[in-house]
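Encoded as structure tokens, the structure appears first; notes follow it.
Computed over heavy atoms, backbone and side chain alike; hydrogens, waters and symmetry mates excluded.
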Amino acid sequence: MLIRFSIFIILLISLSGCSRDTPELILDNYLYRLSNTLDLNQPQSYIPVTRVQFPLKRDRILKTTEIREGLLDVLKLKRCDLLPLIAERNSSLGKVAKPSTKLQYELNFYYLLNQCRQSLGNDIAIDTELLRRVNEIYRVKRENLPAELWNGIFTAPEVEANFSRSQAPLPITDNSSSQQSIEALQTLVNLTANNLDQLGTTKPNKERLNQAFKVLHSNRSGPAIISSLEILTYHLDQAAHLLEQRNSPKNPLCRNESPNKTARILENVFYKFYIGEVLPYLAQTDRYASQWLDLNLQLLQNHIALSVSIPQSMETYSTTILSKTAPQSLWLNYQRARDKHTKAWQKTLKICGMMPTQKD
């Protein structure tokens, strides 16, 4: 029943329109219409909760092993083609580079170093001591790379901005910024899905990685998605409570599945304000939030597959904000409120003989 009801509701979304400017306005208006029709006190206005803080950078960063200065001298051989990259990293700008920029350096270095060692290994006249030292540098870089990937992503200001405690929700009208952010996250997921051998044989796509970080920094969709889930959770839960209050077994809204005047007004609230205004926003938020959470969780899983030991602070944060299965996670709280709200409307409409059908 719940599935069939949901399918019908989805079919109605395309017929609806919204005239209010912000999610807060449409949701507050929805609660007002419900409470007024049911002759119940209107719930108090939504007050944003204090969200869990994203862990401090010092609690997110992973240690890496420094290469001894003497070993780097080996790489100044022109045939390794690493001198420009080393010079760039050792420049005044290179030493203060952002984590995302340093990540690109590490990926390029690792790729070029692997090309160099393979070239040297195929040279029958190569000095074996030189090859041994190049292989030693490669070993250190290979061991460091998972942590470098983690630091380059999860300590980057561009990514951190997507977990700020900003309270502004997604806009009513989809401006495609969330989709762009999801595509940027997908780029990071694809990068970290490679194993260490693949990263050593695949030339890094600098332009694509730059664009991903740029989009994440400018759009900052994460906080908006989180805020929308929080706002919807509160209002859907309150709406369900209003409907349940009015439909107590001792005092049902309708009898014998016969709609009365109040029921007909409530039916108008259902179609005009829930279907017409709330539901399109709910569907948009649900879609983007599900994708955004999945990609962030996959990003963490990819690092675990690379043998990264996730900092405890990030594990704790992930359980509350990103998890789709933790009992008190943001997503499950939202789902419970959404399903409770759907069932409350189903019960109300059924009691009054107003359950919608596809013929309607």
Original post:
Do we see a donor-acceptor contact under 3.5 Å between the side chains of Ser329 and Ser323?
Top reply: no
**OP:** Would you please say whether a donor-acceptor pair under 3.5 Å links the side chains of Asn114 and Arg117?
**Re:** yes
**OP:** Using the test side-chain contact (heavy atoms from CB on, under 4.5 Å), find all partners of Thr65 that sit at least two apart in sequence or belong to another chain.
**Re:** Val140, Asn144
**OP:** Under the side-chain hydrogen bond (donor to acceptor under 3.5 Å, both in side chains) rule, collect the residues that match up with Ser227, sequence neighbours excluded.
**Re:** Arg51
**OP:** Measure the shortest side-chain to side-chain distance between Lys102 and Asn151 over non-hydrogen atoms and say whether it is less than 4.5 angstrom.
**Re:** no
Original post:
Any luck finding a side-chain donor-acceptor pair between Gln179 and Asp174 under 3.5 Å?
Top reply: no
**OP:** Please report the closest heavy-atom contact between Ile182 and Tyr288, naming both atoms and the distance.
**Re:** CD1-CD2, 3.6 Å
**OP:** Verify the distance criterion only: is there a donor paired with an acceptor across the side chains of Gln186 and Asn190 at less than 3.5 Å?
**Re:** yes
Subject >> Non-neighbouring partners of Tyr110 that pass ring-ring contact (aromatic ring centres under 6.0 Å, His included), sequence neighbours left out >> reply: Tyr138
Original post:
Is there a donor in the side chain of Ser177 and an acceptor in the side chain of Asn175, or the other way round, less than 3.5 Å apart?
Top reply: yes
**OP:** Take Asn135 and Arg132 through the side-chain hydrogen bond (donor to acceptor under 3.5 Å, both in side chains) test and state the conclusion after the steps.
**Re:** CA-CA 5 Å; Asn135 282 332; Arg132 185 193 68 78; over 6 Å; no
**OP:** Describe, in one word, how the ring planes of Trp345 and His341 are oriented to each other, choosing from parallel (under 30°), tilted (30 to 60°) and perpendicular (over 60°).
**Re:** perpendicular
Subject >> Gln335 vs Lys324 side-chain heavy atoms within contact, under 4.5 Å >> reply: no
Original post:
Going by heavy atoms in the side chains, are Phe213 and Lys98 under 4.5 Å from each other?
Top reply: no
Original post:
Looking at Tyr234 and Pro43, what are the two nearest heavy atoms and their distance?
Top reply: OH-CB, 4.3 Å
Original post:
So which of Glu136, Glu148, Glu106 actually passes side chain to side chain donor-acceptor pair (under 3.5 Å) with Lys141?
Top reply: Glu106
Original post:
Taking the inter-plane angle between the rings of Phe163 and Phe54 on a 0 to 90° scale, is it parallel (under 30°), tilted (30 to 60°) or perpendicular (over 60°)?
Top reply: parallel
Subject >> same_hphob_cluster(Leu266, Ile351) at 4.5 Å side-chain heavy-atom cutoff >> reply: no
Subject >> Asn302-Gln298 side chain donor-acceptor pair, cut-off 3.5 Å >> reply: yes
**OP:** Apply the test side-chain hydrogen bond (donor to acceptor under 3.5 Å, both in side chains) to residues Asn333 and Arg336: give CA-CA distance (whole Å), side-chain angles for both, the deciding distance (0.1 Å), then the verdict.
**Re:** CA-CA 5 Å; Asn333 284 338; Arg336 280 191 287 265; 2.5 Å; yes
Subject >> Which atom of Leu253 lies closest to which atom of Thr348, heavy atoms considered >> reply: CD2-CG2, 4.0 Å
Original post:
Do Glu315 and Gln312 come within less than 4.5 Å of each other through their side chains, counting heavy atoms only?
Top reply: yes
**OP:** Indicate yes or no: at least one non-hydrogen side-chain atom of Tyr46 is less than 4.5 angstrom from one of Glu24.
**Re:** no
